[in-house]
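Structure first, then comments.
Letters A, B, ... mirror the listed sequences (proteins, then strands); counts begin at 1.
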Number of protein chains: 2
Amino acid sequence: MKYVHGYDQKENIRLQDQATTLSELLHHDTVYPAHDRILEPGCGVGAQTISLARNSPDSQFISIDISARSIAEARNKIEAEGLKNVIFQQGDIFKLPFKPESFDHIFVCFVFEHLVHPDDALITLKSLLKVGGTMTVIEGDHGSTYFYPDNEAAHKAIKCQVHLQKMVGGNANIGRELYPLLNKTGFTSINVSPRMVYVDSSKPHLVEGFTKNTFIAMIEGVREPAIRSGLIDGAIFDEGIKALYRTTESDGVFCYTFFKAVAIKP
Amino acid sequence: MKYVHGYDQKENIRLQDQATTLSELLHHDTVYPAHDRILEPGCGVGAQTISLARNSPDSQFISIDISARSIAEARNKIEAEGLKNVIFQQGDIFKLPFKPESFDHIFVCFVFEHLVHPDDALITLKSLLKVGGTMTVIEGDHGSTYFYPDNEAAHKAIKCQVHLQKMVGGNANIGRELYPLLNKTGFTSINVSPRMVYVDSSKPHLVEGFTKNTFIAMIEGVREPAIRSGLIDGAIFDEGIKALYRTTESDGVFCYTFFKAVAIKP
């Protein structure tokens, strides 16, 4: 699996300052060899699948999601792009209908943050991976969020999202844990590469595409459940959201970090 | 000033994942053209001066500090390295004995975090810079610190350092503010590049050299003033320090981000 630690891996941050989209920042250095078979569990509506399939046009992807509706949407998206190297299947990440060691690589993005036992999922997936195959995991970390101007209410609003996710067994701060997770589940040659999204007003596409339409929209989305659960007062939540929008003005700065880990099954 | 936005700048994160030292992470992409004259105000004991002078052996550095003792130490260091391209001078950053527009570039590292009016300092320094010359600013940001396992007392101990620095007019969270600072003082083509120090136990040199001997040592250093100022209870501070050391164990992770800005005087 030389390419994992070879030129591509060493060069993988080269584009970081230039990345104009989140997908470029996260996926530009995921390129698989021709004819390799890659499992993508938890593909959802195919947001990452498109980048994967485009970057490795001669590899074969098997993309799985528990939701038949998501699979249908993902399939439409991939077909609309004219990509032919993805097979979609409905399935449960813990009960996948594949023989042991039947994949060259596994790619998991934004899945473990939702699981009560991500370590069990990793062990299950590991059994499907060939010896020497790579496991790629990408997760965000809400605790990596900071901004200018700083604001206490904004941090409180973000923490509502973290608490709500915890209440249903998830972990919105899992990004920083990828190294210990992969280590304790028996992977080796673990390489964690932080992918920081740094946004100031010289990057208007990220101000709109990331700060406003991705991050703030997500926090705004938990207003009602956060208030209903007694996590926060409505006025403070609204003050926090206003302060988050304040960071998108001409003198504002917003920072968030995703973590990308690549490891090998020994 | 093509090289600032050309190949070097675009490639500047290439080494980020591989950087084994803080100096490599922060300075590898600062390379000045031969014969250019560069001002380094606030050089202190020359910690950054060595990297600067080595990376640009044919440029001429004028490194200034207000402390004659620091200047003497910096001079010894540079002489011991056999570097001949640095002139040291004692001086106040606000009253430097140079004619307007007498430098091709200015480089300032870990200085503005200590100033009550970093914007005034930037304006003063700008007057010494030739039109089209570059201003490079590097600062840390203590608010960018997070770790695994997470711990509330550790965050409280770190906040003591932030508060103490604020009490003497400084700003330990200034890193995220470099873009607005350079913008409001009239610089253009501002490019801010975050330099994240990501440390897990696969990087033992950073566990020792950065997490323990740089970051935790700095926080440990404010124990007495923090308790004396009533900012924290001694037991909680000590719990926080213990928790920070916990992040240096085999399953621990530690994150901190420096910000490097390069801008042009229009």
Side-chain angles (χ1 to χ4, degrees), chain A residues 5 7 9-19 29 141-150 155 162 171 173-184 188-203 247 249-257 259-263, chain B residues 5 7 9-19 29 141-150 155 162 171 173-184 188-203 247 249-257 259-263:
Chain A
H5 289 270
Y7 187 78
Q9 184 69 8
K10 281 178 185 160
E11 294 279 307
N12 76 13
I13 302 301
R14 187 168 55 91
L15 289 168
Q16 184 151 321
D17 274 9
Q18 302 163 271
D29 55 339
D141 190 315
H142 291 4
S144 74
T145 314
Y146 53 97
F147 32 81
Y148 177 81
D150 200 6
H155 286 291
V162 176
N171 178 1
N173 295 350
I174 200 171
R176 72 189 76 173
E177 289 186 41
L178 294 187
Y179 182 86
L181 263 173
L182 287 159
N183 195 37
K184 79 173 175 181
T188 57
S189 303
I190 306 161
N191 182 36
V192 176
S193 165
R195 303 288 161 104
M196 184 169 171
V197 188
Y198 166 83
V199 189
D200 61 37
S201 61
S202 71
K203 305 176 179 189
T247 73
E249 292 180 23
S250 66
D251 63 346
V253 172
F254 186 85
C255 302
Y256 185 93
T257 299
F259 290 82
K260 178 171 188 170
V262 181
Chain B
H5 288 272
Y7 188 78
Q9 185 69 7
K10 281 176 184 163
E11 293 280 306
N12 76 11
I13 302 302
R14 187 169 53 92
L15 289 168
Q16 185 151 319
D17 274 9
Q18 301 163 272
D29 54 339
D141 191 313
H142 291 3
S144 74
T145 314
Y146 52 96
F147 32 80
Y148 177 81
D150 200 6
H155 286 291
V162 175
N171 178 1
N173 295 350
I174 200 170
R176 73 188 75 173
E177 289 187 42
L178 294 187
Y179 182 87
L181 263 174
L182 286 159
N183 195 37
K184 79 172 175 182
T188 57
S189 303
I190 306 162
N191 181 35
V192 176
S193 166
R195 304 288 160 105
M196 184 168 170
V197 187
Y198 166 82
V199 189
D200 62 37
S201 60
S202 71
K203 304 176 179 189
T247 73
E249 292 180 22
S250 65
D251 63 345
V253 172
F254 186 87
C255 302
Y256 186 94
T257 299
F259 291 82
K260 178 170 188 170
V262 181

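- Within the 4.5 Å cutoff, the side chain of Thr257(A) has heavy atoms near those of the Met196(B) side chain.
- If you measure heavy-atom distances from Thr145(A) to chain B, you find no contacts under 4.5 Å at all.
- The distance from atom OH of Tyr148(A) to atom CD of Glu177(B), rounded to the nearest 0.5 Å, is 4.0 Å.
- Residue Phe259(B) touches chain A through its side chain alone, counting heavy-atom pairs closer than 4.5 Å.
- Once rounded to the nearest 0.5 Å, the distance linking CG of Asn183(A) with CG of Asp200(B) reads 8.5 Å.
- Closest non-hydrogen pair, Tyr146(B) versus Ser144(A), comes out as OH-CB, 3.2 Å.
- Scanning both residues, Ser250(B) and Tyr179(A), for their nearest heavy atoms gives O-CE2, 3.8 Å.
- When side chains are defined from C-beta on, Pro180(B) counts as touching Val253(A), because their heavy atoms get closer than 4.5 Å.
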